[in-house]
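In what follows, a structure is listed as structure tokens, so that the remarks can point back to it.
Proteins get letters first, then strands, A, B, ... in listed order; numbering begins at 1 in each.
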Amino acid sequence: MFRSQLTQRLLDAFTSAQIEIPEGFAPSVVLASDTRFGDYQSNTAMALGKHLRTNPRALAQTIADHLKVDDLCEKISVDGPGFLNFTISKPALQSHLCDICQSDRFGVPTVTEPRNIVIDFSAPNVAKPMHVGHIRSTFIGDSLARVARFLGHHVTTDNHIGDWGTQFGMILHGWKTLLDHDALAKDPIHELVRVYKIINAAAKDDESLREVCKAELVKLQQGDAENHAIWTECVRLTMIQLDKVYDTLGVTFDYALGESYYNDALGPLVDDLLAKGIASVSEGAVVVFSDGSVKPEEDPFLTRDKDEWKAAPCIVRKSDGGFLYPTTDLATIDYRINEWKADEIWYVVGQPQQLHFRHIIAVTQRRGIDVKLVHVAFGSIQGEDGKMFKTRSGETVGLLEVIDEAIDRARTAAAEKDPSLSGDALEEIARIIGCGAVKYAELSQNRMTDYKFAWDRMLSLQGNTAPYLINAYVRTRAIFRKLGEDFAMPAALQITEDAERGLAMKLAQFAEATHDILIDHRPNTLATYLFELADCYHSFYEACHVLNSTGITRDTRLTLCQATSRVLKQGLNLLGIQTTERM
RNA sequence: GCGCCCGUAGCUCAGUGGAUAGAGCAGCGGAUUUCUAAUCCGCUGGUCGUUGGUUCGAUCCCAACCGGGCGCGCCA
């Protein structure tokens, strides 16, 4: 990839010019902010000039004099206060274009140090429907897994299902008193949710009902045969429906080890925390307090109240002996390290749980465990009014409803545009475009942005959307259908038109776009790239006729189409979005 | 009260210590006998919440304030 190649040449130039690089200073090359100046630029001279107290412009010139980039650039220049600008040569672009068409890596290098990465995402609850809140975790997690794998990391995906919460007290009681078995057979989750909601609402101001539910929960936890059988059935029924949802979405997991999987590990874990002095007993509960090892304002176990610091402990065992969310998460870390040799664990979980993960990360550190834990947080889902999208009373927008609606709209649109489509072919197109539209609506946003739920925006088939990108792909395929023969890499290429060059340049940046995703765990950077690529392709498509051209021009344009086709398909695939040959 | 996240065009959102802050949608005006019109080109539209500070340079970093969202000992 040009960016890292140029960065390396920059380093070589420093050596050759005998420029001392200060500790912790890394020269960088970035895409040109204004393409009039070139394709890539380096602001290093200005930053370094500050460090070394020298004139940045003169420093830039010195670097430029020592740069050896003839094989990559047709021009380098020093501009303004010390910008170093690079213009990639056409032979270098043409050569990279061949790479994209011929290599199964699309010209994208793998990482130099592959890691064992566990990605924890989606995490729906048993007996509760997946709602829009699960969209981000599921899509972001799936995309990050695809990207990390493509870049050469060893990835294990694990769906940490909520199969052991306190909600089971209510579900068990509801099952025994309110369950409609016919309804359960028809739509299990719907029926389970129905009874859960009724009990939950009733328990709100009914102390004795809460006690009944709690008793059911305790029986379950103590291994009562009847309650355990009901619980097992709830989990089984839920998993069947979840599998259907994931199948439709094209999301897969290597494992789906729910919270219950770690039940036996929780007691010993708490004992260990106590034995090591990390946790202590407080008011009957086992909690982790601050150990004073970091500044109070950075300590997740402290919170300020007026002028004094108050404890914000992490509770790992309740005073009644029950375990909590943090306990399970800690036990899960042990398992992932022991069984999967995890170097890193990424949690794709909403921003509101930030404090929880700060606790988990701090406790893990204090246990002396060497693992990189990353909370890949995302903003909340809000209604059109900007308020939290709550699931309690009123209509919940389920994940399935969103997907079904999207598929319906896509089907209608596709049938209208191409009346010859029907049956399975139409269904397949509708599913790909409908799911793709919903996924892309999520993944094209910065994950930290609070998301305002809006059907129209999500399902719009125009603008910066999956259908637009898929359409660009379809156009590339249409050309090859019309060509009537398989694409064969021509012997020579010659880029001449601006639109050709612009497209080739954008194609070459696929490598950078993919690698950049993992810097901040943000798929939206790839979405932006793909949109720009589709844009370049459409401009090229308008400006440069492919099949009517001849000779080397035609060869070059066909190669551009082939490369675009491959990159769009692969790029969308990394977002979890499929492509279709027609639409 | 304390903490975290956010505040950018009418709406929905990108973006970065650097060169003139960008898209999509909406609005307006053009193109097109198609390699499929889910397309392209152009125009209109901004005090980057406010005020200070650091810097050669701040929308970006720091501080305070305003506004919105979320969280804060036995739910997950």
Side-chain angles (χ1 to χ4, degrees), chain A residues 30 32-34 36-37 41 43 46-47 49-50 56 79-83 85 123 125 162 164-167 259 282-287 289 297 300 302-306 309-320 322-326 328-329 349-356 358 377-380 382 386-388 410 413-414 416-418 433 441 444-446 448-452 454 456-457 460-465 467-472 474-476 478-483 524-525 527-528 531-532 534-535 538-539 541-549 557 561 582-583:
Chain A
V30 295
S33 59
D34 187 329
R36 278 179 315 169
F37 298 111
Q41 70 183 60
N43 307 330
M46 289 180 287
K50 198 188 239 171
D79 302 288
F83 293 104
N85 290 310
N125 295 305
W164 198 255
T166 37
Q167 82 262 28
E259 295 172 344
S282 169
E283 297 171 31
V286 178
V287 306
F289 287 115
E297 49 270 25
L302 291 179
T303 180
R304 185 154 52 189
D305 185 15
K306 301 237 166 73
W309 292 96
K310 260 181 59 181
C314 172
I315 300 173
V316 293
R317 193 169 74 198
K318 296 191 284 184
S319 50
D320 68 3
F323 301 106
L324 299 115
Y325 182 35
T328 312
D329 265 359
V349 180
Q351 200 277 134
Q353 294 188 42
Q354 200 220 65
L355 182 62
H356 163 73
R358 289 183 66 208
F378 49 84
S380 48
Q382 304 176 343
K387 297 281 183 198
M388 187 73 167
E416 198 177 297
K417 289 292 171 189
D418 186 351
I433 293 178
S444 58
Q445 285 186 108
N446 184 317
M448 290 312 296
T449 306
D450 282 345
Y451 170 69
K452 231 170 237 163
D456 284 346
R457 193 168 72 76
S460 165
L461 304 183
Q462 282 178 8
N464 183 7
T465 64
Y468 173 87
L469 297 179
I470 295 171
N471 179 245
V474 166
R475 286 181 158 198
T476 64
I479 283 176
F480 289 105
R481 262 203 309 281
K482 197 130 185 171
L483 179 66
N524 75 302
T525 58
T528 300
F531 178 65
E532 288 169 356
D535 217 25
H538 278 132
S539 298
Y541 188 89
E542 295 285 327
C544 305
H545 209 281
V546 180
L547 296 177
N548 283 358
S549 58
R557 290 178 181 175
C561 290
R582 298 177 62 193
M583 64 191 286

On a whole-Å scale, what distance lies between the P atoms belonging to A14(B) and G53(B)?
31 Å

Look at K318(A) and G73(B) and indicate whether a side-chain polar atom (N or O) is within less than 4.0 Å of OP1 or OP2.
no

Determine whether the aromatic ring of F83(A) stacks with the base of A19(B), defined as ring centroids separated by less than 5.5 Å and ring planes inclined by less than 30°.
yes

Of all the nucleotides listed (G71(B), U36(B), C40(B)), which has the minimum atom distance to the side chain of P352(A)?
G71(B)

Tell me the interatomic distance from M448(A), atom CE, to G68(B), atom C1', rounded to whole angstroms.
15 Å

Taking the side chain as every heavy atom from C-beta outward, state whether F378(A) and M448(A) have any atom pair closer than 4.5 Å.
no

Look at all strands and tell whether D535(A) reaches a base, only sugar-phosphate, or nothing, counting heavy atoms closer than 4.0 Å.
sugar-phosphate

Which nucleotide, G69(B), G73(B), G71(B), lies nearest any side-chain atom of F289(A)?
G73(B)

Between P on A38(B) and CD1 on I433(A), what's the gap in Å once rounded to a whole number?
11 Å

L324(A) near the nucleic acid: base, sugar-phosphate alone, or nothing, with a heavy-atom cut-off under 4.0 Å?
sugar-phosphate

Distance-only polar pair, side chains of S380(A) and D450(A), donor-acceptor under 3.5 Å
yes

For A26(B) and G69(B), measure between their P atoms and round to the nearest Å.
30 Å

Over all strands shown, is D329(A) touching base, sugar-phosphate only, or nothing at heavy-atom distances under 4.0 angstrom?
nothing

Phosphate contact (G15(B) OP1 or OP2) by N446(A) side-chain N/O below 4.0 Å
yes

Would a 4.5 Å heavy-atom cut-off, applied to side chains only, mark K318(A) and V286(A) as touching?
no

In whole angstrom, what separates H356(A)'s NE2 from A76(B)'s C1'?
9 Å

Would you indicate what K417(A) reaches in the nucleic acid, counting non-hydrogen atoms under 4.0 angstrom: base, sugar-phosphate, or nothing?
base

Nucleotide pairing, RNA chain B (Watson-Crick or G-U, distances under 3.5 Å), in dot-bracket with [ ] and |:
(((((((..((((....[...)))).(((((.......))))).....(((((..]....))))))))))))....

Below 3.5 Å, does any donor atom in the side chain of N43(A) face an acceptor in the base of A19(B), or the other way round?
no

For S319(A), report the nucleic acid contact type (base, sugar-phosphate, nothing); a contact means any heavy atom under 4.0 Å.
base

Check every strand shown and say whether Q41(A) touches a base, only sugar-phosphate, or nothing at a heavy-atom separation below 4.0 Å.
base

Under 5.5 Å between ring centres and under 30° between planes: true for F531(A) and the base of A23(B)?
no

Can you see if the side chain of S33(A) gets near the phosphate of A19(B) - specifically, an N or O under 4.0 Å from OP1 or OP2?
yes

What is the distance, to the nearest angstrom, from the NZ atom on K310(A) to the C1' atom on C2(B)?
10 Å

Side-chain donor/acceptor of R36(A) to base of U20(B), under 3.5 Å:
yes

Any idea which of A38(B), C2(B), U36(B) is nearest the N471(A) side chain?
A38(B)

Pick base, sugar-phosphate or nothing for A414(A), based on heavy-atom distances below 4.0 Å to the nucleic acid.
base

Atom CD of Q354(A) and atom P of A76(B): how far apart are they, to the nearest Å?
20 Å

By nearest atom, which of the nucleotides C13(B), G69(B), A38(B) is closest to the Q445(A) side chain?
C13(B)

For A312(A), answer base if it contacts any base atom (sugar-phosphate contacts may also be present), sugar-phosphate if it contacts only those atoms, and nothing otherwise; contact means non-hydrogen atoms under 4.0 Å.
nothing

I'd like to check L302(A) versus K310(A) (side-chain heavy atoms, cut-off strictly below 4.5 Å). Are they in contact?
no

A14(B) phosphate, OP1 or OP2: any side-chain N/O from T449(A) under 4.0 angstrom?
yes

State the CG-SG distance between L483(A) and C561(A), to the nearest 0.5 angstrom.
10.0 Å

With sequence neighbours left out, what residues match D79(A) under salt bridge (charged side-chain N to carboxylate O under 4.0 Å, His left out)?
none

In whole angstrom, give me the gap between the P atoms of A21(B) and C25(B).
22 Å

Classify the nucleic acid contact of V546(A) as base, sugar-phosphate or nothing, counting any heavy atom under 4.0 Å across all strands shown.
base

Separation of atom CG in L355(A) from atom C1' in G71(B), rounded to whole Å
7 Å

Does any donor-acceptor pair link the side chain of E283(A) with the base of C74(B) at a separation under 3.5 Å?
yes

Between F531(A) and Y468(A), what is the ring plane arrangement, given parallel below 30°, perpendicular above 60°, and tilted in between?
tilted

Closest-nucleotide ordering on RNA chain B, the 5'-leading residue of V287(A) and I479(A)
I479(A)

Determine the interatomic distance between P on G24(B) and the same-named atom on G42(B); round to the nearest Å.
10 Å

N524(A) side chain N/O closer than 4.0 Å to the phosphate oxygens (OP1, OP2) of G15(B)?
yes

The side chain of L547(A) is closest to which nucleotide in this list: G69(B), G71(B), C35(B)?
C35(B)

G7(B) versus C35(B) - spacing of their P atoms, nearest Å
46 Å

Checking Q41(A) side chain against S33(A) main chain: does a donor-acceptor pair fall under 3.5 Å?
yes

The answer to which of C561(A) and T303(A) contacts RNA chain B further toward the 5' end, by nearest nucleotide, is T303(A)

Heavy atoms only, 4.0 Å cut-off, all strands: where does R475(A) land among base, sugar-phosphate and nothing?
sugar-phosphate

If the C1' atom of C48(B) is compared with that of C13(B), how far apart are they to the nearest Å?
13 Å

Looking across every strand, which nucleic acid part, if any, lies under 4.0 Å from D34(A) by heavy atom: base, sugar-phosphate, or nothing?
nothing

Atom-pair distance (CZ on R557(A); C1' on C35(B)), nearest Å
12 Å

C5(B) to U44(B) separation - P atoms, rounded to the nearest Å
38 Å

Using the C1' atoms only, state how far C11(B) lies from G45(B), rounded to an integer number of Å.
12 Å

With the six-membered base ring of U39(B) as reference, does the ring of Y541(A) sit under 5.5 Å away with planes under 30° apart?
no

Within this structure, what is the CG-to-C1' distance between D450(A) and G67(B), rounded to whole angstrom?
14 Å

Would you say a side-chain N or O of Y468(A) is under 4.0 Å from OP1 or OP2 of C25(B)?
no

Does a side-chain N or O of H538(A) approach OP1 or OP2 of U39(B) to a distance below 4.0 Å, or not?
no

Using a 4.0 Å heavy-atom cut-off across all strands, classify V316(A) as base, sugar-phosphate, or nothing.
nothing

